[in-house]
Amino acid sequence: MILGLYLSGTGNTKHCIEKLTNLLDKNAAVLPLEDRNVIDAVKESDTIIIGYPTQFSNAPVMVRDFIKNYDIWHNKKVLCVTTMGAFSGDGAGCTARLLKKKGAVILGGLQIKMPDSVCDVKLLKKSLEVNRKIILEADKKIERVADEIMHGKYPQEGVTFISHIAGLFGQRLWFYGKTAHYSDQLKISDACMGCGLCSSICPMNNIKIENGKAVAGGKCTMCYRCISRCPQMAITLLGKKVEEQCQFTKYA
Ligand SMILES: Cc1cc2nc3c(=O)[nH]c(=O)nc-3n(C[C@H](O)[C@H](O)[C@H](O)COP(=O)(O)O)c2cc1C
Ligand code: SF4
Ligand code: SF4
């Protein structure tokens with residue numbers, strides 16, 4: 001039985017995992033990582049497609065912790081899928097190596113270019129048209145990969161030794177010092193009107209409403225979900241101002 005599993009901030013990874021899993025088995029379950037049935041679902045499945053956004057050429061903390069903290073992976077066959085805005089040396093390999101240590105059998109890795117979810121850094125913004133093209137290419141790739149998997153051939157993107165070196169030296173080592181402390185760096189401006197949306201959608205339960213205002217805690221996994229959905233554009237992380245909120249459904 002196949003299970004699709006994902007963490008998705010702005011909807012890119014959700015789309016990719018739903019599409020790939022459904023092409024392989026239209027009756028397969030697809031769950032977000034924060035679903036409370038997720039552990040039982042992993043236990044009951046033999047093949048798992050796990051997806052997440054690449055963050056600085058690594059897997060998000062929430063995904064890494066989910067793999068490390070539960071002994072549910074022994075003998076599970078896993079395909080690791082990452083989505084990325086531009087480049088990921090071994091985004092898929094980052095979970096593949098952890099899963100292998102937990103006894104999983106790695107079927108392969110897939111790295112899919114999608115719109116960039118960082119909406120508070122101007123340099124990373126692309127036009128609607130460009131993002132639409134990126135999604136069309138991604139969809140074609142997923143369809144091709146699904147067809148190859150049906151014929152027994154799994155993609156091996158990001159899981160080879162060469163890609164490990166590319167991810168480590170190309171990005172991870174450079175970014176590590178900068179990103180290690182982002183879990184408590186979410187900024188919420190005075191524009192917040194206390195609507196509670198951010199608090200209700202955060203996969204880490206990292207935001208509380210206190211005295212009519214949102215207050216962030218110290219366990220942000222940098223998914224950009226709250227930042228891209230806040231009606232007041234009051235939340236930022238890497239940049240100082242939200243340029244234009246990102247959402248997969250805007251481009252599809
Ligand atoms: C904090 C952060 C760091 C990121 N780092 C990278 C990166 O190193 N390489 C890359 O290609 N994309 C990077 N991205 C872009 C996302 O991986 C990409 O947009 C992804 O498809 C978002 O998926 P989602 O909508 O499922 O959250 C980063 C995004 C965030 C929020
Ligand atoms: S979504 Fe925005 S406006 Fe609503 S509580 Fe959160 S920060 Fe405040
Ligand atoms: S605080 Fe916002 S960016 Fe951080 S994990 Fe929660 S929803 Fe994602």
Side-chain angles (χ1 to χ4, degrees), residues 6-18 32-34 51-63 65 81-92 94 111-121 123-126 131 134-135 138 158 166-167 170-172 174-176 178-179 182-239 242 245-252:
Y6 64 84
L7 172 68
S8 185
T10 65
N12 294 343
T13 315
K14 176 178 189 282
H15 168 75
C16 294
I17 297 302
E18 282 177 347
L33 213 57
E34 62 268 31
Y52 48 87
T54 289
Q55 291 181 349
F56 304 108
S57 228
N58 207 339
V61 180
M62 184 178 178
V63 177
D65 283 350
V81 181
T82 195
T83 65
M84 59 204 181
F87 166 78
S88 166
D90 62 342
C94 291
Q111 305 191 147
I112 307 171
K113 187 171 174 191
M114 289 293 276
D116 205 301
S117 59
V118 177
C119 59
D120 54 357
V121 175
L123 209 69
L124 294 172
K125 292 305 300 171
K126 296 185 190 96
N131 280 332
I134 290 173
I135 289 173
Q171 273 185 303
R172 226 161 21 256
W174 304 100
F175 282 122
Y176 192 76
K178 282 189 190 170
T179 56
Y182 270 116
S183 52
D184 63 356
Q185 293 301 303
L186 205 73
K187 298 172 280 280
I188 302 175
S189 79
D190 289 344
C192 169
M193 56 176 183
C195 71
L197 179 70
C198 54
S199 170
S200 67
I201 60 176
C202 173
M204 295 293 285
N205 289 321
N206 186 44
I207 306 180
K208 291 193 169 41
I209 305 296
E210 286 173 6
N211 302 321
K213 291 276 177 195
V215 180
K219 48 182 187 167
C220 174
T221 194
M222 294 198 279
C223 75
Y224 267 67
R225 193 184 292 178
C226 61
I227 304 167
S228 65
R229 298 270 300 276
C230 168
Q232 295 292 99
M233 296 208 224
I235 315 178
T236 51
L237 179 60
L238 295 177
V242 174
Q245 288 172 313
C246 304
Q247 204 55 241
F248 169 78
T249 45
K250 270 191 192 174
Y251 319 123

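Note that the structure is predicted; figures quoted are calculated from it, not measured. Keep in mind that the numbers below use all heavy atoms, side chains included, and drop hydrogens, waters and symmetry copies. Order of appearance sets the numbers: ligands from 1, and atoms from 1 within every ligand. All residue numbers refer to positions in the sequence shown, counting from 1.
- Selection from Leu7, Thr54, Ile17, Ile227 by nearest heavy atom to atom 13 (C) of ligand 1 gives Thr54.
- The distance from atom SG of Cys202 to atom CZ of Arg229, rounded to the nearest 0.5 Å, is 12.0 Å.
- Side chain of Ser183 to backbone of Cys220: no donor-acceptor contact under 3.5 angstrom is found.
- The nearest protein atom to atom 4 (Fe) of ligand 2, hydrogens excluded, is given as Cys195 SG, 2.3 Å; this is a heavy-atom distance.
- Residue Met114 holds its CE atom at 11.5 Å from CG of Asp116, rounded to the nearest 0.5 Å.
- In this structure, the separation between CD1 on Ile209 and SG on Cys195 is 7.0 Å, given to the nearest 0.5 Å.
- Close approach of ligand 2 to Gln232 is summarised as follows: ligand atoms under 4.0 Å from at least one heavy atom of the residue are 3 (S).
- When non-hydrogen atoms are compared, ligand 1 lies under 4.0 Å from the side chain of Val118 (C-beta onward) but not from its backbone.
- Under a 4.0 Å criterion applied to the non-hydrogen atoms of Gly11, ligand 1 contributes the atoms 25 (O).
- Atom OG1 of Thr13 is separated from atom CD1 of Ile112 by 8.5 Å, given to the nearest 0.5 angstrom.
- With rounding to the nearest 0.5 Å, the separation of CE in Met62 from CG in Asn206 is 11.0 Å.
- You'll find the side chain of Cys226 reaches within 4.5 Å of the side chain of Leu186, heavy atoms only.
- The contact set between ligand 1 and Thr10, taken as ligand atoms under 4.0 Å from a residue heavy atom, comprises 24 (P), 25 (O), 27 (O).
- When non-hydrogen atoms are compared, ligand 2 lies under 4.0 Å from neither the backbone nor the side chain of Ser199.
- The backbone N or O of Ala191 lies less than 3.5 Å from a partner atom in the side chain of Ser189, making a donor-acceptor pair.
- Using a 4.5 Å heavy-atom threshold, the side chains of Tyr224 and Asp120 count as touching.
- Taking every non-hydrogen atom of Ile209 and a distance limit under 4.0 Å, the qualifying atoms of ligand 2 come out as 5 (S).
- You'll find the side chain of Asn12 reaches within 4.5 Å of the side chain of Phe248, heavy atoms only.
- Counting only heavy atoms from C-beta outward, the side chains of Gln55 and Pro60 approach each other to under 4.5 Å.
- Heavy-atom contacts of Tyr224 reach the following atoms of ligand 3: 3 (S), 8 (Fe) (cutoff under 4.0 Å).
- Between the side chain of Lys213 and the backbone N or O of Asp190, at least one donor-acceptor pair lies under 3.5 Å.
- Proximity annotation for atom 2 (Fe) of ligand 3: of Cys226, Ser200, Gly217, Cys226 comes nearest, heavy atoms only.
- Under the 3.5 Å distance criterion, the side-chain polar atoms of Ser8 are matched with a main-chain donor or acceptor of Lys14.
- Closest to atom 1 (S) of ligand 2 by heavy atom, among Cys198, Ala216, Gly196, is Cys198.
- For atom 4 (Fe) of ligand 3, the N/O/S atoms of Cys223 include none lying under 2.8 Å.
- Per-residue contacts place Thr221 under 4.0 angstrom from the following atoms of ligand 3 (heavy atoms of the residue considered): 4 (Fe), 5 (S).
- The Pro115 neighbourhood of ligand 1 comprises atoms 18 (C), 19 (O), 21 (O), with distances under 4.0 Å to a heavy atom of that residue.
- Considering backbone and side-chain atoms alike, Cys223 places every N or O at 3.5 Å or more from each N or O of ligand 1.
- Going from atom OG1 of Thr83 over to atom CD of Gln111 covers 10.5 Å, rounded to the nearest 0.5 Å.
- No side-chain heavy atom of Met233 sits less than 4.5 Å from a side-chain heavy atom of Cys119.
- Both the backbone and the side chain of Phe56 come within 4.0 Å of ligand 1, judged by heavy-atom distances.
- Those atoms of ligand 3 with a heavy atom of Cys202 less than 4.0 angstrom away are 1 (S), 5 (S), 6 (Fe), 7 (S).
- In this structure, atom 8 (Fe) of ligand 2 lies nearest to the protein heavy atom Cys192 SG, 2.4 Å.
- Atoms of ligand 1 found under 4.0 Å from any heavy atom of Met114 (numbered from 1 in listed order, with element): 21 (O).
- Using a non-hydrogen distance threshold of 4.0 Å, Ile207 does not register as a contact of ligand 2.
- Residue Asn206 touches ligand 3 through its side chain alone, judged by heavy-atom distances below 4.0 Å.
- Applying the 4.0 Å criterion to heavy atoms of Ile235 picks out, from ligand 2, the atoms 7 (S).
- At a 4.0 Å heavy-atom cut-off, ligand 1 touches Ser57 through the backbone alone.
- By the 3.5 Å distance cut-off applied to N or O atoms, Met222 is not counted among the residues near ligand 1.
- Closest protein heavy atom to atom 3 (S) of ligand 2: Met193 N, 3.4 Å.
- Counting the atoms of ligand 3 from 1 in the order shown, those under 4.0 Å from a heavy atom of Pro203 are 7 (S).
- Residue Cys246 does not touch ligand 1, judged by heavy-atom distances below 4.0 Å.
- At least one donor-acceptor pair closer than 3.5 Å links the side chain of Arg225 to the backbone N or O of Ile201.
- The contact set between ligand 1 and Gly9, taken as ligand atoms under 4.0 Å from a residue heavy atom, comprises 24 (P), 26 (O), 27 (O).
- Near Thr13, the atoms of ligand 1 lying under 4.0 angstrom from a non-hydrogen atom of the residue are 23 (O), 24 (P), 26 (O).
- In the vicinity of Pro231, heavy-atom distances shorter than 4.0 Å reach the ligand 2 atoms 1 (S).
- Of the heavy atoms in Leu186, only side-chain atoms (C-beta onward) come closer than 4.0 Å to ligand 3.
- Atoms of ligand 2 found under 4.0 Å from any heavy atom of Gly194, numbered from 1 in the order shown, are 5 (S), 8 (Fe).
- Between the side chain of Tyr52 and the main chain of Gly91, a donor-acceptor pair closer than 3.5 Å is present.
- A distance-only check finds no donor-acceptor pair linking the side chain of Lys113 to the backbone of Ala86 [under 3.5 Å].
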